[in-house]
Amino acid sequence: MRPRSKPAAEPVPDSAVPLLKRLDREFYDRDTQLVARELLGNYLVRVSGGVERIGRIVEVEAYLGPHDLAAHSARGRTERTKIMFGPPGHAYVYLIYGMHCCLNVVTEPEGQAAAVLIRAVEPIKGIEDKTSGPGLLCRAMQIDRRLNGHDLLSDDFYVAAGPGHPPLRIARRPRIGVDYAGHWARRLLRFYIRGNPFVSRA
DNA sequence: TGCACGATGAAC
DNA sequence: TTCATCGTGCAC
């Protein structure tokens with residue numbers, strides 16, 4: 001195979017990034033709050049246009065299922081939310097406010113419409129723009145609705161295990177922007193790495 | 001077929 | 001606090 005005639009880009013492996021081991025299906029096929037907490041510190045990897053972008057997940061929110069009035073699945077299975085009802089380990093990407101995309105990972109067994117919203121990542125590799133906020137991180141990592149339903153065990157879009165150390169100090173807070181959800185708005189379902197400067201709101 | 005309303009971000 | 005901007009879900 002001949003070398004590609006692409007201009008000398010950047011694709012040199014960054015020695016600061018540990019070996020990336022992709023999370024398996026079983027990781028996502030568990031209790032949503034547990035998955036949410038354990039996603040913190042792991043690497044979100046997106047490969048597009050020959051460029052690998054990596055962000056360390058520092059802030060997430062858990063959406064527990066149809067009984068959770070803040071979850072999109074609370075209004076039942078619709079064209080938009082059908083991915084949430086599908087098998088775990090897939091991306092649920094939707095457009096919000098007519099202009100921003102938000103990324104979720106689907107959790108729990110098929111039929112249980114739960115997911116974890118990725119709210120912020122810390123830039124690790126190949127990222128130029130701001131990543132503190134669900135819409136911003138999608139823009140910075142080239143994630144859009146074409147990835148809705150995408151399998152997160154694929155080669156171009158996945159989550160890989162972080163270093164696992166040092167131990168994370170995790171904070172819990174109410175979720176953002178769900179005041180319409182009654183008492184569910186007060187549940188402590190937002191998790192973030194305490195003190196991390198890339199968290200969108202402390 | 002029409003319309004109200006966001007799991008946001010940026011500006012003022 | 002206001003506003004940009006448009007797909008979705010549900011009312012009619």
Side-chain angles (χ1 to χ4, degrees), chain A residues 28 30-40 42 44 46 53 55-86 88-108 111-123 127-150 152 157 159 170-193 196-202:
Chain A
Y28 302 99
R30 299 183 297 159
D31 173 79
T32 301
Q33 290 191 62
L34 186 62
V35 174
R37 293 180 70 94
E38 294 193 4
L39 276 171
L40 294 175
N42 289 325
L44 177 65
R46 168 70 179 136
R53 296 171 219 272
R56 178 173 175 250
I57 299 171
V58 300
E59 180 184 359
V60 297
E61 285 178 358
Y63 287 86
L64 306 186
H67 59 292
D68 174 358
L69 296 183
H72 289 167
S73 55
R75 275 172 247 188
R77 185 187 180 115
T78 66
E79 185 57 32
R80 179 177 65 152
T81 63
K82 62 184 181 184
I83 301 301
M84 282 186 80
F85 287 79
H90 289 256
Y92 167 44
V93 183
Y94 64 91
L95 185 68
I96 188 64
Y97 296 106
M99 59 192 94
H100 308 291
C101 287
C102 290
L103 167 67
N104 296 248
V105 303
V106 176
T107 61
E108 307 204 25
Q112 318 231 111
V116 174
L117 170 69
I118 312 299
R119 283 195 56 90
V121 303
E122 174 177 344
I127 298 177
E128 308 281 333
D129 302 317
K130 286 182 288 189
T131 55
S132 298
L136 290 174
L137 81 87
C138 282
R139 190 173 69 184
M141 296 189 70
Q142 310 258 102
I143 294 164
D144 60 46
R145 289 184 322 160
R146 287 173 296 193
L147 291 173
N148 188 36
H150 202 87
L152 288 171
F157 194 29
V159 180
I170 298 176
R172 299 185 61 165
R173 292 288 187 279
R175 294 172 291 185
I176 304 293
V178 295
D179 290 343
Y180 56 84
H183 69 90
W184 283 96
R186 296 190 289 276
R187 291 283 302 272
L188 303 179
L189 294 173
R190 182 164 70 101
F191 304 90
Y192 62 86
I193 299 177
N196 186 284
F198 294 92
V199 169
S200 68
R201 289 179 54 176

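Lettering follows sequence order; numbering is per chain, from 1.
Considering only side-chain N and O atoms, A:Arg201 lies nowhere under 4.0 angstrom from the phosphate OP1 or OP2 of B:dT8.
Between the side chain of A:Arg119 and the backbone N or O of A:Glu59, no donor-acceptor pair lies under 3.5 Å. Remark: side-chain polar atoms of A:Glu122 are not paired, donor with acceptor, to backbone N or O of A:Val58 under 3.5 angstrom. Using modelled atom types, one side-chain atom of A:Ser73 and one backbone atom of A:Ala113 make a donor-acceptor pair closer than 3.5 Å.
Among residues two or more places apart in sequence or in another chain, the side chain to side chain donor-acceptor pair (under 3.5 Å) test is passed with A:Tyr192 by none. Listed by chain and number, the residues in a salt bridge (Lys or Arg N to Asp or Glu O under 4.0 Å) with A:Arg53 amount to none (sequence neighbours excluded). In this view, A:Glu108 satisfies the salt bridge (Lys or Arg N to Asp or Glu O under 4.0 Å) rule with no residue, not counting sequence neighbours. A:Tyr28 meets the side chain to side chain donor-acceptor pair (under 3.5 Å) test with no other residue; sequence neighbours excluded. The side chain to side chain donor-acceptor pair (under 3.5 Å) check on A:Arg146 picks up A:Asp144, with sequence neighbours excluded. In terms of the ring pair (Phe, Tyr, Trp, His ring centres under 6.0 Å) criterion, residue partners of A:His67 (sequence neighbours excluded) are, by chain and number, A:Trp184. Applying the side chain to side chain donor-acceptor pair (under 3.5 Å) criterion to A:Asn42, with sequence neighbours excluded, gives no partner residue. Remark: A:Phe85 pairs with no residue by the ring pair (Phe, Tyr, Trp, His ring centres under 6.0 Å) rule, at least two apart or across chains.
Rounded to an integer number of Å, the gap from CZ of A:Arg77 to C1' of C:dT8 is 16 Å. To the nearest angstrom, C1' of B:dT8 lies 11 Å from CG of A:Leu117. A straight line from CG of A:Asp179 to C1' of B:dC5 spans 15 Å, rounded to a whole angstrom. Straight-line distance from the CZ atom of A:Arg190 to the P atom of B:dT8: 11 Å, rounded to whole Å. The separation between A:Ile176 atom CD1 and B:dT8 atom P is 8 Å, rounded to whole Å.
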Watson-Crick or G-U pairs under 3.5 Å in DNA chain C, rendered as dot-bracket with [ ] for crossing pairs and | for another strand: ||||.||||||.
Check the interface with nucleotides 9-11 of chain C: list each N/O to N/O pair with the protein under 3.5 Å, or write none.
from  : atom 1 : to      : atom 2 : distance (Å)
C:dG9 : OP1    : A:Thr78 : OG1    : 2.1

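Less than 4.0 Å separates DNA chain C from at least one heavy atom of each of the following residues of residues 89-105 of chain A: A:Leu95, A:Tyr97, A:Gly98, A:Met99. Taking a 4.0 Å limit (strictly below) on heavy-atom distances, residues 129-147 of chain A reaches DNA chain B at A:Lys130, A:Gly133, A:Pro134, A:Gly135, A:Leu136, A:Arg139.
No cation-pi contact links A:Arg56 to A:Phe198, judged by a cut-off of 6.0 Å to the six-membered ring centre and 45° from its axis.
Here CZ of A:Phe191 is found 14.0 Å from CD1 of A:Ile57. Values are rounded to the nearest 0.5 Å.
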